[in-house]
Each structure stands twice: as structure tokens, then as C-alpha cells.
Amino acid sequence: MPDSTPAKTPRVRFAPSPTGFLHVGSARTFILNWLYARHNHGTMVLRLDDTDVERNTEASVQSIFEGLRWLGLSWDEEYKQSERLDLHRQKAEDLFAKGLAYRDFTPAHSGDDEKSSAQGAWLSNPGMRELSREESDRRAAAGEPFALRYRVPRGEGRTLRFVDSVYGAQSKLADEVEDFALLRSDGMPTYHLASCVDDADLRISHIVRGQDHLTNTFKHLLIFEALESEPPQFAHLPLLVAPDGAKLSKRKHGPVVSVTTYRDAGFLPQAFVNFLCLLGWSPKDDREFLSLDELTAAFTLEGVNRANAVINFTEEDPFDPKAVWLNAEHIRALPVDELSRSIKPFWEQAGFHPLPEKLLAVTPLIRERIKLLRDAVSAADFFFLEELAPYDPAELIPKNGDAALACRVLQHAQAVLATTTFDHDSLDQALRAAALHLGLKAGQAFQPIRVAVCGRKNAPPLFETMVVLGRELCLARIRKAEENLQSLI
RNA sequence: GGCGCUAUCGUCUAGGGGUUAGGACGUGAGAUUCUCAAUCUUAAAACCCGGGUUCAAUUCCCGGUAGCGCUACCA
């Protein structure tokens, strides 16, 4: 079991390419790498794979770091591929010198050249693979641009093999692998070259990455061999796909696949992490709600599933219902002070700047009523608003009652509240007594008061709410409600 | 097209040669409560198809189908 007892303390890496925001698939890869490292007391390396100058942006680098920082999972070492170009080029040089690679002077083409692929020319670039060293040197010296390609062994019937920690034994005929590029004609290394050179140089022991690289691994095996380096242990993760089954993409699916979208909507990072882990991995028992520590303790590569996982979202609702549910669970699991600290920025963004004590008093009243932190704004606005937003006075009328009844309730409530101590038990006794006095059921009597005080039917428990609001505000709002009611009598 | 990978409720998954195929989200019904929420109970809901192997296959093997991935001088 390579998982439970690794031969050496593992060194794993997360290697995003900065071509856009951090998306959920990348975040999941990062998280599982992190869990693997921490579970096995290994080292987590962050490496920016930025060899595609055309598509890389600094904004993207920032956005990726922003996303990772929000997740709250730290790494131990950090590298940037663009700062290691000399090493990549030198290794490419070595491979060429050893005859393991050749120069391809064919101009770059766009890839939709179906004729050549149909004929098998894609495999070995006829005319270029066989170019004599003299001819190749002559053309290179003349300044003709070229890409450097790996000379994949042909006609030997060789089978490339590796054992994937998730997908098991894998094999492919070397003759089926095309002569892939190592260096572009501008001298920049390709992903395959840079990635393997760095993985070898950084002594990465386990590569945990998306399944979209499963087939590429055969190329990587060849590169490690050429580098005379023992290949790391590979573990491929099933892909996260959209409801239509397509691989998640920034272009096609937009902000719903961006980690910052979850953050801004008020997901707790621990809930987000919990959710992502459950996509393609399971602790093999019935647990769904897991803390970071529990995830770390439970995580093994054996628990990783092999089928792609659908992450549910629609235009209207960008968040998977299970993610939302887990977030609600994590919200309820958080101590009040921590929760209120998490909610605070959302309230502030809405223009509410409550005192810390009030914040702490309101938080427990809404924590079971919100699923996303941003819900706290609409759930608690009436605590912070001096003037209640206009509401339909008809809401004040309880079931089986009329405006006159509601009015009587509010009048009596004012009289009672003027003298009642504003704590939970006193209010409870006083208002229940009031209901009895009016010959009403508690529910009937409380509705007018609740609507008067909160401005709506659905709100946190009445007595707790009134305690937080205080006598003065409650009385003022009830008085106002009574006025509003006059139009309906 | 070639090559590779995958297939259990709508979704995430557990399981595994003989099970009432388990859990969760979501959905429906009910209970409880001052409303809402939370909580509890409960219902509906799945082994892609066809062949083998076997006393017995959803599970193992083969084929098909479907989906996904790779097939770029992207990563």
C-alpha cells in the first residue's frame, strides 16, 4: 500500500498555469495534493507552470494566489518555471546531443490538419526525424526556426507501462505515441519538458493531477527515462465536469467555475474544501460532513473514485445544492464569535456597521436560517435598519382574523411592553398572557407583533429578536404598524 | 479517425459472486414549534446493454453502446 506507508516522505506539487482565475477543478487538485502531503507528513510544493508566454498574465497569478489564500491551505516551497528556463533548455540540449530528440523545421500549424493526422504523419513528422545531423546543424546555423521533438522509439514494439495509484496498471504501445515537442521554435520549453524536468529536479515523489494527463503520462515516462531519472508515482484524479458532462472550462462556464465566486457568495472555505473533496473521493464510511483535520486523517488515494464527477449548477443557481447544504452545516458548526466575524464583511458591504456586541447578539438568531454568509444581509437587515422597509400592512393580520383584531393586539402589546422587562422569559410570560387575555392562540397573537417589529412574517424567534432590538425600537415599530393598519379597517 | 479511461438512485457516493443494493443532497408527505429555519419520522428514486464463467452475477471476463480525455511549437 504505497499510500499508507510511503517509502519516503512524499513531495507533491500543485502546478497551475496562470491563464485565468483559479477554478474549482484546480482547487480540488490542490486540496487533494495538500491532503496527501499532510496525511503523510510530506512536503507541498507550489509551482507556477508559466511557460506559455502568450497566455500567461500577472493578473491570473494574483487571482490564483488569492484563491489559494482563501482556502487557507499553506504550502512549503514555491517555484516559478519561467525562472528555470536555463535548466529546461540545457536538458533539451542534452537530449538532442544524445540523439533522443530532433529538430523539426516544419512551420507551426494550427492543428486542424486532419489530412496529415489521417495518414499517420502526426506520429513522426516525416522528413524531419530522419534529417542527418549535418543537414540539421546546417539549417539551424542558417537561422531557420525549429521545434525540438522527442524521438519516440519506433518499430520496436515497445510497451510503456506504469501503475497509477488510482487507475491501476496502464500501458500503451510506444508506436502509438507521437513525436511530441520539447522546445518551441521560440526556444521556450513545452509543458511536457518543463514539467518533467522540474519534477525530476525538485525530486517530486508523487504526481497527483487531473485525469486529463493520464495519456500524457506515457510521454512523461519517456522524458524521465531520457533524463535518467526515476519517474514519480502517478495518481490521476477523475475530472470535475459540468452537468452536460463536459469538462469544466472557464471559457464555456464562466464565473461559476471560479473559486472567488464561491467566496463572494459566502461559502466558508472549510465547507468549500469539504464539498470538493467529496467529488471523486470518499472516506468509505457514511460521513459527509468533515473538518479539515478529519479530511486529512481520512484521505488516501485508495479512496479516490475513477469516474468523472458532475458538479451541479445552472444559470439561475450557480451552486451545487450539496455544496450549499454543507456550507449551512459548517455555518452551524462554527462558534458564534467566529461566525459573526465571517459574516461581518457581508454586512458591511450592505452598509451595516453594527457594534461588535450587536453583531454577536444577532448572529445566533440567524445562524440556522442562512445557507450562505451573504444570506445574513437579508436575514438580519431589520436589526440594523433604523426605519423598516415598507411592507404590506395586510401581513399584520393573523390567520382567522381581521385588521381590527390585529389592531387590538398591537394596542394591547404596547401597553404590556411598556412595563415588561426586556428579557426572554419576561417577554414570553407577558406576551403569552396577553394572547390569553385577548382570547387568542399564541401564534395568532404573535404574528402582528412579529410583522410590526421585523417587517415580515418569517423571522427569527420573537422574544430573542425583541430583546436585541430593545423596548424603544419595538414600541415605535408597533405604533407605526398600528397606524398602517388604519387604512385597512 | 487512432489511442486511453470510465459506467450503481436526478446528483455525490458505499458495497460487492448469494444483500430488503446502504448513506447523503435534492424532491414529496408527516411530526414539532410563536412564523421561518433547524430537528425528527417517512416516501418515491439506481446496478447501461448483450454474451460468457459459475449452482449463483449488479459484482469477474469479453463484446457492444455511451460519455470523457489525449491526439497543439496549450497546460
Side-chain angles (χ1 to χ4, degrees), chain A residues 15-19 49-52 54-56 104 106-114 117-118 120 122-123 145-149 164 167-168 170-173 175-178 180-192 194-195 209-219 236 238-239 241 243-247 275 278-289 305-312 320-326 328 332 366-371 379 398-399 428 431-432 435 441-447 449-451 454 456-463:
Chain A
S17 64
T19 58
D49 279 9
D50 56 349
T51 55
D52 185 356
E54 298 284 305
R55 304 198 308 154
N56 293 163
D104 180 358
T106 316
H109 60 280
S110 44
D112 45 44
D113 197 341
E114 37 201 84
S117 44
W122 58 278
L123 271 178
F146 62 85
L148 193 71
R149 287 182 182 281
D164 189 275
Y167 287 90
Q170 303 292 315
S171 65
K172 184 171 180 167
L173 250 22
D175 291 279
E176 295 282 354
V177 178
E178 73 278 11
F180 54 94
L182 263 16
L183 242 35
R184 303 187 179 92
S185 47
D186 63 1
M188 287 296 284
T190 62
Y191 161 75
H192 299 302
S195 175
R209 71 206 330 179
Q211 192 246 36
D212 46 347
H213 286 299
L214 190 65
T215 323
N216 286 333
T217 305
F218 297 105
K219 294 171 194 164
H236 288 88
L239 262 24
V241 298
D244 65 359
K247 181 176 158 179
F275 169 65
L278 260 20
L279 256 23
W281 174 81
S282 133
K284 305 282 185 188
D285 51 34
D286 284 342
R287 287 180 296 168
E288 305 265 352
F289 176 92
N305 199 5
R306 280 181 294 274
N308 289 170
V310 173
I311 172 164
N312 257 326
D320 192 303
K322 195 153 194 172
V324 173
W325 169 76
L326 270 172
R332 292 194 286 267
I366 59 162
R367 70 132 126 230
E368 285 186 352
R369 271 157 270 264
I370 62 175
K371 293 179 186 300
K399 218 189 286 182
D428 190 332
L431 290 175
R432 280 185 200 282
K441 285 197 215 161
Q444 269 181 309
F446 293 171
Q447 176 174 335
I449 304 174
R450 170 178 294 108
V451 174
C454 304
R456 55 168 178 258
K457 281 184 186 168
N458 300 340
L462 187 57
F463 314 132

Report which part of the nucleic acid A:K219 touches: base, sugar-phosphate, or nothing (heavy-atom distance under 4.0 Å, all strands). sugar-phosphate
How far does the C1' atom of B:G28 sit from the matching atom of B:A66, given to the nearest Å? 32 Å
Under 4.0 angstrom between A:Q211 side-chain N/O and B:C68 OP1 or OP2: no
Taking B:C73, B:C68, B:C5 as options, the one with an atom nearest any side-chain atom of A:Y167 is B:C5
Between B:A45 and B:U6, how many Å separate the two C1' atoms, rounded to a whole number? 23 Å
B:U8 versus B:A14 - spacing of their P atoms, nearest Å: 10 Å
Compare the minimum distances between each of B:C5, B:C70, B:A75 and the side chain of A:D49, then state the nucleotide with the smallest one. B:A75
note: A:F289, atom CZ; B:A24, atom P; distance rounded to Å ~ 16 Å
Got a second to check how far A:K247's NZ is from A:D212's CG, nearest 0.5 Å? 4.0 Å
Would you mind reading off the distance between A:F275 atom CZ and B:U11 atom P, rounded to a whole angstrom? 14 Å
Have a look at A:S195 and say if it touches a base, only the backbone sugar-phosphate, or nothing, with a 4.0 Å heavy-atom cut-off. nothing
Phosphate oxygens OP1/OP2 of B:G15: is one of them under 4.0 Å from a side-chain N or O of A:K284? yes
Does B:G50 have a Watson-Crick or wobble partner in any strand here, with both distances under 3.5 angstrom, and which is it? B:C62
Does A:T215 make a side-chain N or O approach to OP1 or OP2 of B:U71 shorter than 4.0 Å? no
Which residue lies toward the 5' end of RNA chain B, A:S282 or A:R306, if each is placed at its nearest nucleotide? A:R306
Taken to the nearest whole Å, CG/A:D320 to C1'/B:U13 is 13 Å
Interatomic distance at C1', B:G67 relative to B:U32, whole Å: 46 Å
Identify which nucleotide among B:U6, B:C3, B:A14 has an atom closest to any side-chain atom of A:N305, counting heavy atoms from C-beta outward. B:A14
Donor-acceptor check, side chain of A:N312 to backbone of A:D320, threshold 3.5 angstrom: yes or no? no
Once you apply a heavy-atom cut-off of 4.0 Å, does A:G210 come out as touching a base, just sugar-phosphate, or nothing? nothing
Per A:A147 side chain, nearest of listed nucleotides B:G23, B:G4, B:C73: B:C73
Does any nucleotide pair with B:G17 by Watson-Crick or G-U wobble geometry, both distances under 3.5 Å, and what is it? none
Looking at B:C70, I'd like to know if its phosphate oxygens (OP1 or OP2) sit under 4.0 Å from a side-chain N or O belonging to A:K247. yes
Between atom CG in A:N312 and atom P in B:A24, what is the gap in whole Å? 18 Å
Nucleotide forming a Watson-Crick or wobble pair with B:C40, both distances under 3.5 Å: B:G30
Whole angstrom is fine here: how far is it from CD1 in A:I311 over to P in B:A24? 22 Å
Expressed as a whole number of angstroms, how long is the span from A:H213:NE2 to B:C5:C1'? 15 Å
From the options B:C3, B:U71, B:G23, select the nucleotide whose nearest atom is closest to the side chain of A:E178. B:U71
Remember a base hit wins even if backbone is also touched, and classify A:H192 as base, sugar-phosphate or nothing at under 4.0 Å, heavy atoms. base
Checking contacts here: which listed nucleotide (B:U11, B:C73, B:A75) is nearest the side-chain heavy atoms of A:V310? B:U11
Starting at the 5' end of nucleotides 29-48 of chain B, put B wherever the base has a protein heavy atom under 4.0 Å, S where only the sugar-phosphate does, and a dash everywhere else. -----BBBBSS---------
I want to verify a distance call: between B:U6, B:C12, B:A75, whose nearest atom is closest to the A:L278 side chain? B:C12
Work out how far the P atom of B:C70 is from that of B:C9, and round it to whole angstrom. 25 Å
Counting distance alone, no hydrogens or angles: does the base of B:C73 have a donor or acceptor under 3.5 Å from a partner atom on the side chain of A:S185? yes
Once you apply the 3.5 Å cut-off to both distances, tell me the Watson-Crick or G-U wobble partner of B:C25, or none. B:G10
Here the distance between atom C1' of B:G22 and atom CZ of A:R287, to the nearest Å, is 16 Å
What's the closest nucleotide to the A:L214 side chain, out of B:C73, B:C5, B:C25? B:C5
Would you kindly give the CG-to-P distance between A:L183 and B:C73, to the nearest whole Å? 13 Å
Donor-acceptor pair (no angle test) under 3.5 Å: A:E288 side chain, B:G23 base: yes
What residues, two or more places apart in sequence or in another chain, satisfy side chain to side chain contact (heavy atoms under 4.5 Å, CB included) together with A:R209? A:R13, A:Y191, A:I207, A:H213, A:T217, A:H220, A:F234, A:H236
B:G4 -> Watson-Crick or G-U wobble partner, both distances under 3.5 Å, gives B:C68
